[in-house]
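The model shown is predicted, which means the values in this text are computed figures rather than measured ones.
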Amino acid sequence: MDDNQQYGTQPYGSPQTVYSPQPQAAPTMPATPGTLPPNTVYPQPVPGGDPDDDVPRKLSASAVAGLVLGIIGIIFSFIPIINNVAFILGIIGLVFGIIGLVATKRGGKRRGRGLAIAAVILTVLAMVITLVMQQATGKALDDALGTSSTTSQSASSGAKKDSGDSSSSAAASGAQDTEGDLGKLHVKIVSAAKSGADYNGQPTVLVTYEWTNNTDKNQVFSVATSAKAFQNGKELDMAIYTEAPAGYDSNAGLQEIQPGATQQVSVGYVLQDDSPVDVEVSGTLDFSGAKVSHTYQLQ
């Protein structure tokens with residue numbers, strides 16, 4: 001055996017065999033038609049996904065319109081007469097708000113559900129406030145007309161009793177001498193007389209009033225009426241006493257009296273001199289111009 005055969009080599013000059021790596025078998029495709037090969041990344045579905053979600057939703061024009069009308073309605077609802085327009089705006093705005101709610105419901109094509117809810121609330125408030133204000137205005141007008149009618153009847157009655165031209169003209173102008181009606185209040189000026197000095201040592205006049213509450217609610221004299229005294233055309237200041245004069249009760253004018261009750265109230269005024277004192281009483285909520293007055297010559 002020669003060396004070439006011993007070591008398993010090719011003899012010199014003989015062709016050599018070249019060894020190459022064996023080709024790998026191609027991956028086999030799955031036998032089932034329509035299936036994907038292994039290691040394929042499957043697309044994961046988005047929970048609640050909707051092909052239209054990628055399209056941005058537009059703001060609901062109905063919700064915006066309802067909100068604007070609701071704000072305008074709220075502003076106008078507090079103004080008498082003009083609030084009639086506010087009520088109409090409230091109705092229109094409420095319709096727009098409801099349409100906006102429907103358009104912006106879950107899965108809808110529009111956004112702005114919060115605006116639609118606010119529009120409904122504001123429009124309803126505008127209509128409620130309008131109704132309340134109109135009712136209050138109507139009641140005030142009724143009271144004013146009732147006061148005017150009562151004053152006219154009182155003036156006519158006083159004219160017949162006095163049977164004088166001066167009394168007739170006074171009744172026509174709304175002035176009632178010493179006693180009369182101020183709306184639903186009956187007031188009488190009982191007396192006016194000089195009294196003790198006030199805390200500053202100034203002379204005073206003590207005026208006594210008698211009044212009857214003919215309304216349907218409790219009333220306070222100092223609130224329901226405006227009682228004033230004048231000298232030389234100037235209003236006198238109210239007196240503050242260190243020692244209260246006889247029959248004077250500073251709290252009487254601040255006490256409530258019930259419907260149908262009568263009360264006497266005394267008020268002190270600081271005198272300027274010895275000239276006559278004109279006493280006038282009018283109703284605080286009476287805009288008819290009626291008043292009860294009398295001129296007193298101080299002794």
Review point. Taking all atoms of both residues into account, what is the closest heavy-atom pair of Asp198 and Ala239, and its distance?
Key: CB-CB, 4.3 Å

Point to revise | Asp273 side chain near Asn232 side chain, heavy-atom distance below 4.5 Å | key: yes

Practice item. Might you point out which heavy atoms bring Lys291 and Leu182 nearest each other, and give the distance in Å? Key: CA-CD2, 3.6 Å

Check your understanding: Tell me, do Tyr269 and Val277 make a side-chain contact under 4.5 Å, heavy atoms counted?
Key -> no

Review point. Taking side chain as C-beta onward, heavy atoms only, is Ser195 less than 4.5 Å from Tyr248?
Key: no

**Study point:** Interatomic spacing from CG in Leu67 to CD1 in Ile121 - rounded to 0.5 Å
**Key:** 10.5 Å

Study note, to complete from the structure: One should read off an interatomic distance between Asn214 CG and Gln219 CD, to the nearest 0.5 angstrom, of 10.5 Å

Review point. Measuring from Asp278:CG to His294:NE2, what's the distance to the nearest 0.5 Å?
Key: 9.5 Å

Exercise for review: Could you give me the CA-CA distance, side-chain angles and deciding distance for Ile72 and Val85, then say whether side chain to side chain contact (heavy atoms under 4.5 Å, CB included) is met?
Suggested key: CA-CA 10 Å; Ile72 297 175; Val85 178; over 6 Å; no

Practice item. Decide yes or no for Thr130 and Phe76: does some side-chain heavy atom of the first lie under 4.5 Å from some side-chain heavy atom of the second? Key: no

Exercise for review: Check Arg111 against Leu59 and note the closest heavy-atom contact, atom names and distance.
Suggested key: O-CD1, 3.4 Å

**Study point:** Lys194 and Asp274 ion-paired at < 4.0 Å
**Key:** yes

Review point. How close do Gly73 and Ala86 get, heavy atom to heavy atom, and via which atoms?
Key: O-CB, 3.4 Å

Review point. Within a strict 4.5 Å, meaning less than it, do heavy atoms of the Gln263 and Asn213 side chains meet?
Key: no

Revision key, fill the gap. Exactly one candidate in Val279, Val292, Thr225 meets side-chain contact (heavy atoms from CB on, under 4.5 Å) with Tyr209; the answer is Val279

Point to revise | Contact check, side chains of Val281 and Ser293, non-hydrogen atoms, under 4.5 Å | key: no

Revision key, fill the gap. Between Ala116 and Gly97, the two heavy atoms sitting closest are CB-O, 3.8 Å

Point to revise | Chi angles and distances behind the side chain to side chain contact (heavy atoms under 4.5 Å, CB included) call for Leu236, Val270 | key: CA-CA 6 Å; Leu236 301 180; Val270 180; 5.8 Å; no

Check your understanding: Between Val187 and Glu179, is any pair of side-chain heavy atoms under 4.5 Å apart?
Key -> no

Check your understanding: Quick one: are Leu271 and Thr204 in side-chain contact, heavy atoms under 4.5 Å?
Key -> no

Review point. Distance from Asn84 atom CG to Gln134 atom CD, nearest 0.5 Å?
Key: 4.5 Å

Revision key, fill the gap. Correct closest heavy-atom pair for Ala126 and Ser77 would be O-CB, 3.6 Å

Exercise for review: Could you grab the distance from atom CG of Leu122 to atom CE of Met127, nearest 0.5 Å is fine?
Suggested key: 11.0 Å

